[in-house]
Visitor: 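Quick one: this structure, given as structure tokens, is what I'll be asking you about.
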Number of protein chains: 2
Amino acid sequence: METTYPVEDKVGSMLQKGGEHFHPGLSVDCVIFGFHDNQLKVLLLKMKHADKWALPGGFVYKEEDVEHAAVRVLESRTGLSDIFLRQYHTFGAPARSDRKLNRELLESVGMEPHEGHWFLQRFITVGYYALVDFSSAVPRPDEISEACAWWDLQEIPLLTMDHNHILQKALETLRKQLNDQPIGYNLLPEKFTMPELQRLYETILGKRLDRRNFQRKMLGYGILNRLEERKQGVAHKAPFLYSFNQERYGAALQDGLQQGW
Amino acid sequence: METTYPVEDKVGSMLQKGGEHFHPGLSVDCVIFGFHDNQLKVLLLKMKHADKWALPGGFVYKEEDVEHAAVRVLESRTGLSDIFLRQYHTFGAPARSDRKLNRELLESVGMEPHEGHWFLQRFITVGYYALVDFSSAVPRPDEISEACAWWDLQEIPLLTMDHNHILQKALETLRKQLNDQPIGYNLLPEKFTMPELQRLYETILGKRLDRRNFQRKMLGYGILNRLEERKQGVAHKAPFLYSFNQERYGAALQDGLQQGW
DNA sequence: AAGTCTGTGTGTCGCTGTAACACAATGTAA
DNA sequence: TTACATTGTGTTACAGCGACACACAGACTT
């Protein structure tokens with residue numbers, strides 16, 4: 001975990017008035033991926049009223065597009081707009097809702113949760129994953145959290161409810177879609193080196209790739225611009241910097257790049 | 001369209017009591033694929049109170065797993081159990097709900113739809129696609145339909161609401177997952193010939209494949225058992241019959257077969 | 001009964017993409 | 001200046017695939 005920000009408490013009013021404004025029994029959860037220090041990171045929230053971490057999520061307004069709700073979550077947790085976002089699965093098991101936890105949360109903000117309170121019913125959640133540039137994101141907690149931080153994928157703790165499962169499924173989807181989606185473009189900064197791009201692929205796939213074949217294959221796609229500059233201050237031969245050729249990238253993704261690493 | 005069955009009208013009670021029993025604002029829709037006469041088919045319902053066809057769908061009980069609701073729909077429309085079923089997308093645009101249509105439906109069964117009636121609110125729907133053996137399925141309409149029939153994929157009419165879109169997305173998903181899912185096993189009968197399997201692939205992919213390369217590739221997977229018998233009564237050399245080796249099939253699908261036709 | 005027709009089973013050949021590895025180039029540190 | 005680590009590029013062997021040739025089997029024609 002890296003950076004955290006405090007935020008004011010508005011949880012009471014949201015939980016109280018939620019029933020009027022939100023689509024009942026529906027939420028969105030976002031698995032926000034970033035890449036830093038050659039590691040794949042996920043943005044998590046530390047809940048105020050339970051000693052557990054959780055995925056960023058939110059509720060859907062009554063006349064709001066579900067995807068728009070995910071965009072709201074994303075923007076408010078990272079400060080970024082125009083984020084790469086994909087819906088990947090909807091989690092609809094009745095047992096996934098933890099009424100006990102939610103009841104405690106209500107009580108902890110001084111509410112007396114009557115039976116049938118909107119927050120105590122069973123929730124279906126729509127899962128989205130997002131790819132963001134780690135260095136431009138500014139993690140920010142929501143109303144019911146005390147911290148918001150990047151976690152290394154290797155060190156994810158036990159999360160609340162079924163959030164470990166939701167995260168796991170997001171990762172599987174990411175791996176499958178690695179060649180169909182502009183993943184590098186969204187997770188890396190404007191300029192990057194070939195080794196950096198390779199680390200990204202290796203981290204997502206969880207296996208090592210041959211340096212030389214990787215380079216050839218990537219360049220073969222014709223979606224990268226080699227820049228004039230080279231990386232500075234490295235204790236060895238300085239690698240070239242590249243940027244994505246967005247036009248060609250988009251065209252190539254029409255068909256999907258190629259398959260099979 | 002092929003076979004149709006009538007069914008008794010219980011729509012009134014369902015629409016009346018629905019609010020008590022169902023998870024609010026949530027439905028499932030199923031794109032049920034079958035394969036017959038070298039054509040990919042989809043099971044559609046003719047609505048009673050509108051001159052349009054629709055995808056089979058239903059509502060989710062308050063403590064029911066969403067997937068279970070899809071299974072219910074599937075079983076009651078086809079008479080089959082143990083159906084191959086995959087969730088593929090959740091449709092959450094506010095504009096997708098057609099309040100006007102639903103109001104008319106309520107009025108047509110003699111109900112006076114008050115504002116805020118559960119059936120008039122906005123619905124999110126979870127899309128599933130299913131693969132069934134055409135010859136064993138027995139299409140049966142639901143309470144709000146007067147007919148249930150297989151439609152050729154090439155001849156799909158204008159459907160209600162956003163159902164054309166939902167169907168289109170299912171087809172795209174099916175194409176993408178052709179090599180990751182046991183598609184042949186579910187859409188074909190127990191015994192089948194290589195040309196039949198090839199027609200199935202060609203129909204799903206929407207393009208022709210080379211007969212000889214297809215055969216070699218398929219056999220190369222090692223997931224087919226060549227039977228002793230051959231197809232009878234054909235006006236040319238009789239092709240072998242095959243069955244799926246479920247054990248090997250399952251193992252091969254762990255990694256995904258191969259990619260790219 | 002022989003020939004024709006249609007569709008199936010198997011083989012071959014060239015191309016492409018991939019994996020595995022060799023070697024030269026470059027910049028920092030000793 | 002030398003050693004070292006890492007990058008850029010080349011080579012080679014192999015597997016998979018697309019395109020095609022040819023032989024085979026059953027039914028139909030004449």
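Chain naming here is simple, since letters A, B, ... match the order of the sequence lines and numbering starts at 1 in each.
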Visitor: Between D/dC24, D/dC22, C/dA20, which one does the side chain of B/Lys237 approach most closely?
Guide: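 Looking only at side-chain atoms, B/Lys237 lies closest to D/dC24.
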
Visitor: Rounding to an integer number of Å, can you tell me how far A/Asp210 CG sits from D/dT6 P?
Guide: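 Rounding to the nearest Å, CG of A/Asp210 and P of D/dT6 are 15 Å apart.
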
Visitor: Let me spell it out: for each of A/Ala238 and B/Gln215, pick the nucleotide of DNA chain C with the closest heavy atom. Which residue's pick is nearer the 5' end?
Guide: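 Its nucleotide being nearer the 5' end, the pick is B/Gln215.
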
Visitor: Write down the distance between CZ (A/Phe214) and C1' (D/dG8), rounded to a whole number of angstrom.
Guide: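 Atom CZ in A/Phe214 sits about 15 Å away from atom C1' in D/dG8.
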
Visitor: Taking the side chain of A/Arg212 as its heavy atoms from C-beta onward, which of C/dC21, C/dT8, D/dC20 lies nearest to it?
Guide: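 Between C/dC21, C/dT8, D/dC20, the one nearest the side chain of A/Arg212 would be C/dC21.
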
Visitor: Measure up the B/Tyr249 and B/Tyr185 rings against each other and bin them: parallel (under 30°), tilted (30 to 60°), perpendicular (over 60°).
Guide: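 The arrangement is perpendicular - the two ring planes meet at more than 60°.
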
Visitor: Hey, does the side chain of B/Arg226 come within less than 4.0 Å of C/dT10's phosphate (OP1/OP2), counting only N and O?
Guide: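 Yes, because at least one side-chain N or O of B/Arg226 sits under 4.0 Å from OP1 or OP2 of C/dT10.
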
Visitor: Between B/Lys217 and D/dG16, does any side-chain N or O lie under 4.0 Å from OP1 or OP2?
Guide: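 Negative; the distance criterion is not met.
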
Visitor: For A/Glu196 and D/dT6, what is the distance between atoms CD and C1' respectively, to the nearest whole Å?
Guide: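 Distance, rounded to whole Å: 14 Å.
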
Visitor: Nearest of C/dG7, D/dT11, D/dC17 to any side-chain atom of B/His236?
Guide: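 In terms of side-chain proximity for B/His236, the closest of C/dG7, D/dT11, D/dC17 is C/dG7.
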
Visitor: For residues B/Leu171 and B/Leu167, determine if any side-chain heavy atom of one lies less than 4.5 Å from a side-chain heavy atom of the other.
Guide: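 No, side chains not in contact.
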
Visitor: Would a 4.5 Å heavy-atom cut-off, applied to side chains only, mark A/Phe214 and A/Glu202 as touching?
Guide: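 A side-chain contact is absent here, since even the closest heavy-atom pair is not under 4.5 Å.
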
Visitor: What is the distance, rounded to the nearest whole Å, between atom CG of A/Asn213 and atom C1' of D/dT11?
Guide: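 Rounded to the whole Å, the gap is 12 Å.
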
Visitor: Would you mind reading off the distance between A/Leu219 atom CG and D/dG10 atom C1', rounded to a whole angstrom?
Guide: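 Whole-Å distance recorded here is 14 Å.
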
Visitor: Ignoring the backbone of B/Pro239, work out which of D/dG26, D/dA19, C/dG9 is nearest its side chain.
Guide: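 Out of D/dG26, D/dA19, C/dG9, the nucleotide with an atom closest to B/Pro239's side chain is C/dG9.
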
Visitor: Do A/His163 and A/Ile166 make a side-chain contact, defined as non-hydrogen atoms from C-beta onward lying under 4.5 Å apart?
Guide: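 With C-beta onward as the side chain, the pair touches.
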
Visitor: Nearest whole Å is fine: how far is D/dG18 C1' from B/Gln198 CD?
Guide: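 The distance from CD of B/Gln198 to C1' of D/dG18 comes to 14 Å, rounded to the nearest Å.
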
Visitor: Which whole-number value in Å describes the distance from B/Arg211 CZ to C/dG9 P?
Guide: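 The answer, rounded to whole Å, is 8 Å.
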
Visitor: Between A/Leu80 and A/Leu74, is there a side-chain heavy-atom distance shorter than 4.5 Å?
Guide: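 Not in contact.
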
Visitor: Could you tell me how far apart A/Tyr221 (OH) and C/dT16 (C1') are, to the nearest whole angstrom?
Guide: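 Nearest whole value for this atom pair: 14 Å.
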
